Amino acid sequence: MDSKPTGAKVVLITGASSGMGRETALLLASKGYLVYAAARRVEKMQDLTGFGIHTVKLDVTDEANCLALVSHIVQQHGHIDVLVNNAGYGSYGAVEDVPLSEARYQFEVNVFGLAGLTRAVLPHMRAQRSGLIVNVSSIGGKIAEPHGAWYHATKFAVEGFSDCLRMEVAQFGVKVVVIEPGAIITEWNGIARELLAATSGKSAYSVLANKHIRMLERADKFGGKPDVVARAIFRAIRARKPATRYPAGGGAGMILFLRKLLPDKSFDWVMLRMMQ
Ligand SMILES: NC(=O)c1ccc[n+]([C@@H]2O[C@H](COP(=O)([O-])OP(=O)(O)OC[C@H]3O[C@@H](n4cnc5c(N)ncnc54)[C@H](OP(=O)(O)O)[C@@H]3O)[C@@H](O)[C@H]2O)c1
């Protein structure tokens with residue numbers, strides 16, 4: 001089928017059934033972007049259609065599903081301008097307690113899902129000689145917590161992956177940015193807490209794990225709102241020369257500054273104190 005180029009910038013956002021992805025879809029639609037909102041729970045995105053947003057069912061771990069969606073968008077509009085790789089979850093539990101099958105799935109969603117969609121959009125962005133890939137990492141891509149080894153490993157991976165990609169695709173006019181949210185009130189926290197409780201709540205690691213669960217509960221009261229992250233993504237999309245990284249909300253800037261300042265063991269001490 002011949003593609004018909006359309007005027008508005010076309011954006012694909014993953015993980016748009018909740019939290020930051022949903023807020024980003026709504027904000028970008030209100031600014032005149034042509035938005036595709038993708039997630040597995042398509043029923044949770046029904047109301048987005050009322051804002052002119054296209055909602056699509058997508059499991060980011062299904063490479064064929066990712067490729068088919070990107071070709072559908074390009075066939076419909078003739079271009080794809082922005083990919084926001086936002087889908088993700090926190091698989092929490094002590095290293096000894098988390099089965100490697102779960103650790104692999106955490107990488108499938110948070111890293112290989114992001115990489116698969118990136119690979120799907122790149123041929124089109126290279127041909128257009130323009131495009132922006134926004135990878136939602138975390139302050140967890142720079143700092144560490146006990147019981148978060150697999151989640152943090154994925155976000156450290158997203159940071160390194162994005163830095164490599166940025167240099168690789170600059171020659172084709174394609175840009176890459178990383179978003180580093182702090183603690184944001186979304187479904188993420190409850191999922192991480194439940195996984196931590198189920199995995200290590202009664203194991204040899206239970207004492208510290210239960211303190212960690214209470215720290216996550218507190219974060220759900222004092223965290224930032226997801227619209228802060230949506231606005232950071234919008235700033236990156238609008239910028240002629242975007243920054244490489246955008247810390248966003250939930251004390252992200254301060255925590256990343258502390259991480260730079262403190263030696264490893266002092267930062268460990270701060271982290272463990274926060275769990276007391
Ligand atoms: N909340 C925080 O404190 C925080 C802080 C830093 C970074 N982050 C990161 O920010 C991103 C967005 O998280 P959020 O806080 O907005 O969490 P959220 O409310 O739980 O939303 C996560 C989204 O990811 C989607 N998702 C999960 N697995 C998927 C899969 N296999 N295929 C497709 N979509 C999938 C979910 O949709 P379906 O289940 O419907 O598919 C959902 O829409 C994540 O990458 C997260 O790691 C969160």
Side-chain angles (χ1 to χ4, degrees), residues 12-27 36-46 48 53 55-66 69 83-92 102 104-117 120 134-145 148 150-159 161-162 178-195 215-230 232-233 245-253 255-256:
L12 168 60
I13 305 171
T14 66
S17 61
S18 167
M20 306 173 192
R22 180 185 162 84
E23 288 299 321
T24 306
L26 285 167
L27 178 66
Y36 277 78
R40 291 167 305 177
R41 293 170 298 170
V42 76
E43 68 287 353
K44 277 203 76 186
M45 301 188 290
Q46 243 166 20
L48 297 182
I53 296 169
T55 60
V56 278
K57 191 172 174 68
L58 177 76
D59 183 338
V60 296
T61 67
D62 181 338
E63 197 183 355
N65 195 184
C66 293
L69 173 58
L83 167 65
V84 182
N85 277 313
N86 165 73
Y89 77 103
S91 181
Y92 275 62
E102 168 56 26
R104 287 193 179 99
Y105 187 67
Q106 171 78 126
F107 265 86
E108 284 296 334
V109 176
N110 291 10
V111 180
F112 294 110
L114 167 152
L117 270 170
V134 179
N135 289 335
V136 179
S137 173
S138 168
I139 54 168
K142 295 267 179 65
I143 67 161
E145 298 164 278
W150 292 113
Y151 178 68
H152 288 271
T154 64
K155 294 302 187 182
F156 272 65
V158 167
E159 298 274 337
F161 178 94
S162 304
V178 173
I179 308 292
E180 296 172 326
I184 305 293
I185 303 173
T186 66
E187 290 180 7
W188 185 96
N189 200 323
I191 294 168
R193 275 201 317 259
E194 276 166 30
L195 285 170
M215 184 185 93
L216 288 169
E217 278 163 3
R218 289 194 292 280
D220 235 356
K221 293 194 185 81
F222 302 112
K225 298 226 170 75
D227 62 309
V228 178
V229 180
I233 293 173
R245 286 178 165 74
Y246 292 78
I255 295 166
L256 292 174

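All of these numbers come straight from a predicted model, not from anything done at the bench. As the structure lists them, so they are numbered: ligands from 1, and atoms in each ligand from 1.
- Residue-ligand proximity: Thr14 is placed with every non-hydrogen atom at 4.0 Å or more from ligand 1.
- Within ligand 1, counting atoms from 1 as listed, the ones closer than 4.0 Å to a heavy atom of Val109 are 28 (N), 31 (N).
- On a distance-only criterion, Thr61 and ligand 1 share no N/O pair closer than 3.5 Å.
- In summary, of the residues considered (Val229, Val136, Thr24), a side-chain contact (heavy atoms from CB on, under 4.5 Å) with Asn86 occurs for Val136 alone.
- Remark: among candidates Ala252, Ser18, Gly19, Ala248, the nearest residue to atom 18 (P) of ligand 1 is Ser18, based on non-hydrogen atoms.
- Every atom of ligand 1 is numbered from 1 in the order shown, and the set under 4.0 Å from a heavy atom of Val136 is 10 (O), 11 (C).
- Note: an N/O pair closer than 3.5 Å links Val60 and ligand 1 by distance alone.
- The Ala183 neighbourhood of ligand 1 comprises atoms 3 (O), with distances under 4.0 Å to a heavy atom of that residue.
- Summarising the contacts of atom 23 (C) of ligand 1 with Gly15, Ser137, Gly190, the nearest heavy atom is found in Gly15.
- Residue contacts with ligand 1: Ile184 is placed with a nitrogen or oxygen under 3.5 Å of a nitrogen or oxygen of the ligand (distance criterion only).
- The part of Leu58 lying near ligand 1 is the backbone, judged by heavy-atom distances below 4.0 Å.
- Under 4.0 Å from ligand 1, the heavy atoms of Ala16 that appear belong solely to its backbone.
- Distances from atom 10 (O) of ligand 1 to the heavy atoms of Arg22, Met20, Glu108, Glu180 put Met20 nearest.
- Comparing Gly182, Ala87, Ala38, Ser138 by heavy-atom distance to atom 5 (C) of ligand 1, the nearest is Gly182.
- A search for side chain to side chain donor-acceptor pair (under 3.5 Å) contacts involving Asn65 returns nothing, not counting sequence neighbours.
- At a cut-off of 3.5 Å, with distance as the only test, no side-chain donor of Glu145 or Tyr151 sits close to an acceptor on the other residue.
- Checked against the 6.0 Å centroid threshold, Tyr89 and Trp150 do not count as a close aromatic pair.
- Nearest residue to atom 36 (C) of ligand 1 from Gly250, Ala219, Gly21, Ser17 is Ser17 (criterion: closest heavy atom).
- For the pair Asn110 and ligand 1, the shortest N or O to N or O distance does not fall below 3.5 Å.
- A salt bridge does not link Glu187 with Arg22: every distance from a Lys NZ or Arg NE/NH1/NH2 to an Asp or Glu carboxylate oxygen is 4.0 Å or more.
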Requested in this report: Could you walk me through whether Asp59 and Thr61 pass the side chain to side chain donor-acceptor pair (under 3.5 Å) test, one step at a time?
Outcome: CA-CA 5 Å; Asp59 183 338; Thr61 67; 2.8 Å; yes
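- The backbone and the side chain of Pro181 each have at least one atom closer than 4.0 Å to an atom of ligand 1 (non-hydrogen atoms only).
- Taking every non-hydrogen atom of Ala39 and a distance limit under 4.0 Å, the qualifying atoms of ligand 1 come out as 37 (O), 40 (O), 41 (O).
- With a 4.0 Å heavy-atom cut-off, ligand 1 is reached by the side chain of Lys155 but not by its N, CA, C or O.
- Salt-bridge formation is detected for the pair Glu159/Arg245: a Lys NZ or Arg NE/NH1/NH2 atom is positioned less than 4.0 Å from an Asp or Glu carboxylate oxygen.
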